[in-house]
Protein chains: 2
Amino acid sequence: MDRMSQRTRLTPEQRREQLLDLGIRLFAHHSLDEISIDVVAREAGISRGLLYHYFGDKMAFREAVVRRAADALVAQTAPPATGEPVERLLASMTAYVDFVDANYEGYVSMVRGAASDPVLREIYDEAFGALGLRIFDAGADFVEDTPAARLMVRGWQAMSEELVLSWKADPAGLSREELLGVLAGSLPVLLEMLPERTRRE
Amino acid sequence: MDRMSQRTRLTPEQRREQLLDLGIRLFAHHSLDEISIDVVAREAGISRGLLYHYFGDKMAFREAVVRRAADALVAQTAPPATGEPVERLLASMTAYVDFVDANYEGYVSMVRGAASDPVLREIYDEAFGALGLRIFDAGADFVEDTPAARLMVRGWQAMSEELVLSWKADPAGLSREELLGVLAGSLPVLLEMLPERTRRE
DNA sequence: CTTGCCTATTGAACAGGTGTCAATAGAATG
DNA sequence: CATTCTATTGACACCTGTTCAATAGGCAAG
């Protein structure tokens, strides 16, 4: 019936690109577990073996896809180069909310999906670490870079993530600006909760 | 060699109980993915078929185990019936940290792994909803139960979870008591960040 | 045009785990 | 004891991840 069985031979770069693009597209609306070798291969019109040729195994492929998504997040939420620290923070948070808005399904599946594999978790951590680090290397007059401060920033990020996602699902009477105000305003407050000793280096 | 192949016939209640207990024990130190039918059956000294007889499939078994763990979490972190709100909160948070301590791997995989299966996600949400609700129906003189307040509590829970897990991995110079202080102290502070209007009903 | 080579690509076969079901064997009952 | 009930088993079919020798697309040389 269908004689789609013809091979199409691409350069390694093209093929790799095609597969990654497909992965990103699938990732936007499917959880990671749903991105099986079979699905990707069928969708791309290639054999399973080829996926193994380009990416060692299933996890490696997922990792490559997630890494792309994470890079996009980091890039799009880059704060402006100039301005007051608090304003830059607010700008970055705004971009973050926008990003979540634009890529909701994909973002959720990345956040909630960095679960099973430690390597995926690490990619996620790396991306969020980069997001968090900006707070320190910015003007950074309201934080010193200590282990405790980094821990607190992580906690604040987790809170922000949860607030944005929950707020998307149900705004709970908060306007977008009010939400952003809470997000940006809570970081300094939280950092002040740390014992004095742990905020100096 | 080993003639352990003798059947032992238990009542359905006993068997079910044994398997769930085993599941909980495995859950404490293994991620959900590591709790395969094979492992459980071998560990319990029964055939795989029996597991399917009692719990329809793998997911149903995992759900039963996670539900038990979630119930245990809610039970073990119940705040004392008397005392100042802040003290009761602190006691509850202490119990929470202890629980995470005792069931680290399983807890992590429950938190991070509620992603794939919607049913697991719902169990998780249910448990954390119950945890959060206690803050309102307690003495609750520092919060009124509004949509915005509930949102904020969710955010605070996410932060607490992240802080405890990250702190376990690397204490970052914070003592256990200091961590608990930050956790319990941050909730009122965060709630005060909400616009006045959204904190009344 | 065609021959040959390089390598992108395939398909078959294997491994390991999930799920099904008729057959088997404890153990209680008469 | 014999019988009956059902908890329990083991073999088997199936689905996915993974490996690898065999295949064929397309470019360059003759």
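All of these numbers come straight from a predicted model, not from anything done at the bench. The sequence lines fix the lettering, A, B, ..., with proteins before strands; numbering per chain opens at 1.
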Scan B:Phe55, B:Tyr52, B:Tyr54 and name whichever one has a ring-ring contact (aromatic ring centres under 6.0 Å, His included) with B:Phe61.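 One option only clears the test, and that one is B:Phe55.
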Provide, to the nearest angstrom, the distance between the [atom1] atom belonging to [X] and the [atom2] atom belonging to [N].
X       : N      : atom1 : atom2 : value
B:Arg7  : C:dG26 : CZ    : P     : 7 Å
A:Gln14 : C:dT7  : CD    : C1'   : 15 Å
B:His53 : D:dC5  : NE2   : C1'   : 12 Å
B:Phe61 : C:dT18 : CZ    : P     : 12 Å
B:Phe55 : C:dT20 : CZ    : P     : 16 Å
B:Asp57 : C:dC21 : CG    : P     : 14 Å
A:Ile46 : D:dG25 : CD1   : C1'   : 16 Å
B:Leu51 : D:dG10 : CG    : P     : 14 Å

Is [Y] paired with [X] through a side-chain N to carboxylate O contact shorter than 4.0 Å?
X        : Y        : value
B:Asp21  : B:Arg25  : no
B:Arg176 : B:Asp98  : yes
A:Glu144 : A:Arg197 : no

For the residue pair B:Ile46 and B:Arg15, what are the closest heavy atoms and their distance?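 Residues B:Ile46 and B:Arg15, closest heavy atoms: CG2-NH1, 3.5 Å.
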In terms of side-chain heavy atoms of [X], which of [options] is nearest?
X       : options               : answer
A:Lys58 : D:dT9, C:dG19, D:dG17 : D:dG17
B:Arg9  : D:dT8, C:dT18, D:dG17 : D:dT8
A:Asp38 : D:dG25, D:dT9, D:dT16 : D:dT16
A:Leu10 : C:dT9, C:dT10, D:dA7  : C:dT9

Return no unless some side-chain N or O of [X] is found under 4.0 Å from OP1 or OP2 of [N].
X       : N      : answer
A:Tyr52 : D:dT19 : no
A:Arg15 : C:dA8  : no
A:Tyr54 : C:dT9  : yes

Establish whether the base of D:dT16 is bridged to the side chain of A:Arg48 by a donor-acceptor pair shorter than 3.5 Å. no
Mind checking if B:Thr11 touches a base, just sugar-phosphate, or nothing, with heavy atoms under 4.0 Å?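 It contacts nothing in the nucleic acid.
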On DNA chain D, nearest-nucleotide positions of A:Leu50 versus A:Ser36: which is more 5'? A:Ser36
